[in-house]
Every structure is written in structure tokens, then in C-alpha cells.
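Report on one structure; see the data block that follows.
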Amino acid sequence: MATLRNHPLLQTDSYGKIFLYTTQEDVACVPRHRIRMSEPVRPTCLLNAIKTALLRFPHMMLGLAADTTQYKYRLLVEDPVVLPFDGVTQRYTIGSEDTHGYMFLAGYHNDTIFMEYQHSISDGRGFEEFIRCVLFHYLLECGHAVENDGTIRTTETAYVTEESEDAFRKLDEMDPSPAGIYQKPAALHADGLTWENDSPEVVTEITFPFSALHAKAKEYGVSPLSMIAPMFSRAFYQKFGEGHTEPVISEIPVDLRQFIPTLTTRYFVCFIDLPYEAEYNDLPLPEVFRKTKDFLNSQMQTEQLLYRAKRASSVCRELHERNAPLAEKEAEGRQIARQFVRDDTFLITNVGQFKLPESMRQYVKEYGAVLPCSVQPFAMLISSYNGTMKLSVAQRDHDFQVVTSLQQMLSSLDIPTEMSSYPFLVTRYDSALSSIPYVL
């Protein structure tokens, strides 16, 4: 029997619990999705669409509560809110009064819809399920004749509890082996680029036809990721690697749904480490691409990924369930999170293709997402929509050498690119500001 203590809507996953105890200063816990529409956004229609989508995604109707030892979820009765949001001049705190307690944010500016979420409630793939539902019902609210081709979880279908399950629990009875997992050395870092003030990050977007990258990847017998990651690592080395021999190590999240089938929209990923060795700087790029592909293949074995997932999620679950003062667990959680990301050079996330039914595409002109870099100097998010691939690079400083070098390498491969940059005022997350006292 479900009670208020174990209600399925109040569950989070084992790994995502760590984000309850951190802030935007520790890890990139508030990603931002930007959707440019064919016409100015109608706030009332957007709010109505979100209300409808919440009927289909009731596990998104969550706020935060706290007792003396834990942060927990609470079911919200407040209406959601749609905020004026240009991402530059106004900073909001997610989960606070700004969002009526919700752990996601919906905003608008001119023709663009912004949607953000606190990472404990979802990963990128899971949140995109919610975004697609919102967009579908938004276009209906606007009077557009759009149809669901069966790929969107709309109110035509029913919510089932498996959509908010802790899929990491499927690993409890497994005993995966760590054999063959890369034992990483100390990584190369960009000294001096840390979170020292309240200034915005900077985001650079590099866009190009996905077909051009795909053609080159096929020519070299590699994958798009095994091209993008080492090119960015080489650009990083050119700026920060003089006199160093440590490898640049990318931290790459891997969606576990392809290995453990689940409907969950909760956080369900593990991380692998991808090194770019100092000696790669003397090799032609195609050879580096092939070495990177071979390494990825060696680290993408199911057994290894499940081991990484179980090990990391167990640490986060133990911290959450431990009977210890909340302040103590918060300090430890922040230290765990910071050390985890500082062990690597930067984070690179590939959310893949953002897919919409054909009837919706004429109204949704552009899609992209941004991962704040937080305590790391850079974070890259790779997305694709309507044949255009977008590399969104968040960084701590205003020196564009790394992204410019990356663009030049893409151009040297006959991949035509466009590049633009803008300031990125990261949305805050602070559990102390977001939570209320927990009561039964």
C-alpha cells in the first residue's frame, strides 16, 4: 500500500539524490533547454499547456521538504508559473517561491521558450519527454492543427508508476565486474578558472549540418562523438597544456536505458572517462578519432557500465539514507559532487536528436540545451534537431580561444559552421531556500 512516506510520485532515483544536497556552485544541476518557436510565445497558452502536461507527468509536481536528516519531496498543490525569462538579466532560484516550489522552471522571451529542471528529478532524456508533451499541448492551445504520431507521452496515454521508478534498484541483485575499466591518472586542468564570483558564464553555440559530420565520421569509420570529444580536447590542450603531460579527460554520461529497459524519466545514467593523451597532439586528427573510437568501444561494455552505475548510485543512496545531521550530509554531498567533477577536465553530454512529429516541426524552429559548467572551466552539450547539430559550450572566462580552435578544426574537415556567443546567467538551486519543514 502506498503511503505518504513511499508514494511513487515522491520517489527519486538512487543517483539523483546527490543533487538534493548540492547547489549550482558545485555541479551543473540546473540544465537549460531553449526552444525557438515560429511566432512570439503566448504565456497564457504556455501555462495552460504546462498544467495539462502535469496531468500526464504528475511526478513533476514536486517541491522540496526537509527534516533534521534528509531532503525529501513533497507533492505540490500550487499552480505552476510561467516566468519572463531572457536568461541574462533576471536570476531565479528553482524550487523556491520563484517557481511556486516546482523543481522545474518554464520561461519565455520573445519567440523562445526556456525550460530548466533540477537534476534530482530527471536526466536530459527524461525531461525531454516532458518538454515534448508541453510543446504539443502548447501548440494545441495556440490553435495549431498538430497530431501526435505516437512518440509523445501526451494525455492520450496514461501515466504508470514505472515512469518515476528508481531504475538503479534493478542493479541491486546484480554483481557486475569492474574488469577492464580505465584507471584514470590525474587529469589536465585549467588552473585559475573556478567559481569565484557571481558573474555569468558564457555560452558559445557552434552549429553545422549533421549530415556533414556524419559523412566524415563514415569516411573515417568512427562515430560523431569520437570526433567531437578529441577535437575539443585538442583545443583545450592548445590553450592550457603547455609544459604538461597529463591527459585531458572528458567525463561523459551514458544513458542506461539502452542496457536496462525502463520507462523512467528519472535520472538514469552512468559516467565514463575519455582520455586525450598528450602524444595525440602530434597525430593527424583521423588517427586520433580512431584511437578514441577504439577506447570508447573498450569502455562501453554493459558489464562495465552497470558496475559504474551501481558503485556511484550506492554512494549517493547511502548518503541520503544515513542517519546523520542534515548539515553534515549536505557538506559531504557537496564535497562528493565537487571531487567527482574535478577528477576530470570537463564534462561533455550528448543528448542526441530532439524528435518531434512532422506536424509540429513548422512551429518549432530551433532546439538546443545548455549545461552550466559550474566548478569546471567548460561543459559541452551536444544536441541535434531538424538536421542541425549544435555544440553548446559553457565556460567560465571570456577567452574564446578554445571554441574558436574547435570551430577551425571542424572547418578543416570541410564541415561548414556558424558560431555565436552570449552570456549565461545560471539559475540558482539552494535547498535551504527551496525546502519547507517536513511533516507527516
Side-chain angles (χ1 to χ4, degrees), residues 9 11-13 15-20 22 24 27-35 46 49-64 73 76 80-83 85 87 92 94-95 99 101-108 112-138 151-154 159 162-168 253-258 262-269 347 349-356 360 364 367-372 379 381-385 390 392 394 426-427 429:
L9 298 183
Q11 302 306 306
T12 185
D13 63 90
Y15 201 141
K17 295 181 192 303
I18 193 67
F19 296 104
L20 295 173
T22 60
Q24 83 285 347
V27 289
C29 62
V30 187
R32 178 175 302 167
H33 296 252
R34 297 160 52 97
I35 306 104
L46 180 57
I50 290 170
K51 289 179 180 180
T52 301
L54 288 172
L55 298 176
R56 179 58 184 77
F57 289 80
H59 49 302
M60 298 293 292
M61 298 179 66
L62 297 176
L64 204 61
Y73 287 136
L76 296 173
V81 62
V82 169
L83 299 166
F85 188 91
Y92 296 106
I94 211 162
T99 62
Y102 286 81
M103 301 294 279
F104 70 87
L105 179 154
Y108 66 95
T112 301
I113 294 172
F114 299 86
M115 294 192 70
E116 303 186 327
Y117 59 106
Q118 208 278 345
H119 239 327
S120 67
I121 65 169
S122 188
D123 58 18
R125 178 172 171 183
F127 195 64
E128 282 186 356
E129 296 284 359
F130 183 62
I131 291 174
R132 281 190 284 266
C133 182
V134 169
L135 290 177
F136 178 79
H137 287 289
Y138 171 73
T151 61
I152 301 180
R153 301 183 194 183
T154 68
Y159 163 79
E162 288 80 8
E163 294 180 50
S164 56
E165 72 177 353
D166 178 2
F168 287 102
V254 177
D255 181 3
L256 289 171
R257 294 170 183 84
Q258 56 191 313
T262 175
L263 292 174
T264 190
T265 60
R266 297 303 193 201
Y267 198 85
F268 194 43
V269 303
L347 181 65
T349 299
N350 181 13
V351 298
Q353 184 179 6
F354 184 70
K355 297 180 181 179
L356 292 174
M360 295 177 61
V364 181
Y367 165 83
V370 182
L371 192 71
L381 192 145
I382 307 170
S383 60
S384 178
Y385 175 66
K390 180 179 294 185
S392 301
V426 180
T427 296
Y429 168 70

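Every value quoted in this text rests on a predicted model; they were computed, and no experiment measured them. Nothing fancy with the numbering, it's 1 onward along the sequence.
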Query raised in the report: Run the side-chain contact (heavy atoms from CB on, under 4.5 Å) check on E162 and T262 step by step: do they pass?
Result: CA-CA 7 Å; E162 288 80 8; T262 175; 5.7 Å; no
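Put simply, SG on C29 and CD1 on I18 are 11.0 Å apart, with the number rounded to the nearest 0.5 Å. Here the OG1-CD distance, from T265 to E165, works out to 10.0 Å after rounding to the nearest 0.5 Å. Rounded to the nearest 0.5 angstrom, F268 CZ and Q258 CD are separated by 10.5 Å. Taken from CD1 in I35 to CD1 in I113, the straight-line distance is 6.0 Å, to the nearest 0.5 Å.
By the 4.5 Å heavy-atom criterion applied to side chains, Y108 and V82 are counted as neighbours. At least one side-chain heavy atom of L54 sits less than 4.5 Å from a side-chain heavy atom of P80. In this structure the side chain of M60 reaches within 4.5 angstrom of the side chain of I121, judged on heavy atoms.
Taking each heavy atom of T12 and D166 in turn, the nearest pair found is O-CB, 3.8 Å. L76 and G63 make their closest contact through CG-N, 3.5 Å (heavy atoms, listed as atom of the first residue, atom of the second, distance). Y92 approaches T427 most closely through the heavy-atom pair O-CG2, 3.2 Å. Contact detail for V134 and A53: the closest heavy-atom pair is CG2-CB, 3.7 Å. Contact detail for A28 and P372: the closest heavy-atom pair is CB-O, 2.9 Å. Nearest approach of A167 to T264, heavy atoms of both residues: CB-CG2, 3.9 Å.
Remark: K355 pairs with no residue by the salt bridge (charged side-chain N to carboxylate O under 4.0 Å, His left out) rule, at least two apart or across chains. Scanning for side-chain hydrogen bond (donor to acceptor under 3.5 Å, both in side chains) contacts around Q118 gives S120, with sequence neighbours left out. Listed by chain and residue number, F85 satisfy the ring pair (Phe, Tyr, Trp, His ring centres under 6.0 Å) test with F114 (two or more places apart in sequence, or in another chain). For F130, the ring pair (Phe, Tyr, Trp, His ring centres under 6.0 Å) test picks out F57, F104, F127, with sequence neighbours left out. The salt bridge (charged side-chain N to carboxylate O under 4.0 Å, His left out) test applied to E129 returns R132, R153, not counting sequence neighbours. By the side chain to side chain contact (heavy atoms under 4.5 Å, CB included) test, M360 pairs with L135, F136, L139, V146, I152, L356, P357, sequence neighbours left out. Take R125 and apply the side chain to side chain contact (heavy atoms under 4.5 Å, CB included) test, not counting sequence neighbours, and it matches D123, D255, R257. With sequence neighbours left out, the side chain to side chain contact (heavy atoms under 4.5 Å, CB included) criterion links V81 to L83, H100. For H119, the ring pair (Phe, Tyr, Trp, His ring centres under 6.0 Å) partners are F19, Y117, Y267, not counting sequence neighbours. Judged as a side chain to side chain contact (heavy atoms under 4.5 Å, CB included), and not counting sequence neighbours, the contacts of S164 are H59, Y159, R266.
Here the side chain of S392 pairs a donor or acceptor atom with the backbone of A369 at under 3.5 angstrom. Without hydrogens or angle criteria, Y429 side chain to L20 main chain gives a donor-acceptor distance under 3.5 Å. Between the S383 side chain and the V351 main chain, no donor and acceptor come within less than 3.5 Å of each other. Distance alone, capped at 3.5 Å, places no donor-acceptor pair between the E163 side chain and the L263 backbone.
Aromatic ring orientation, Y385 versus Y367: perpendicular (interplanar angle above 60°, classes split at 30° and 60°).
A side-chain hydrogen bond (donor to acceptor under 3.5 Å, both in side chains) with E116 holds for exactly one of R32, H33, R34; it is R32.
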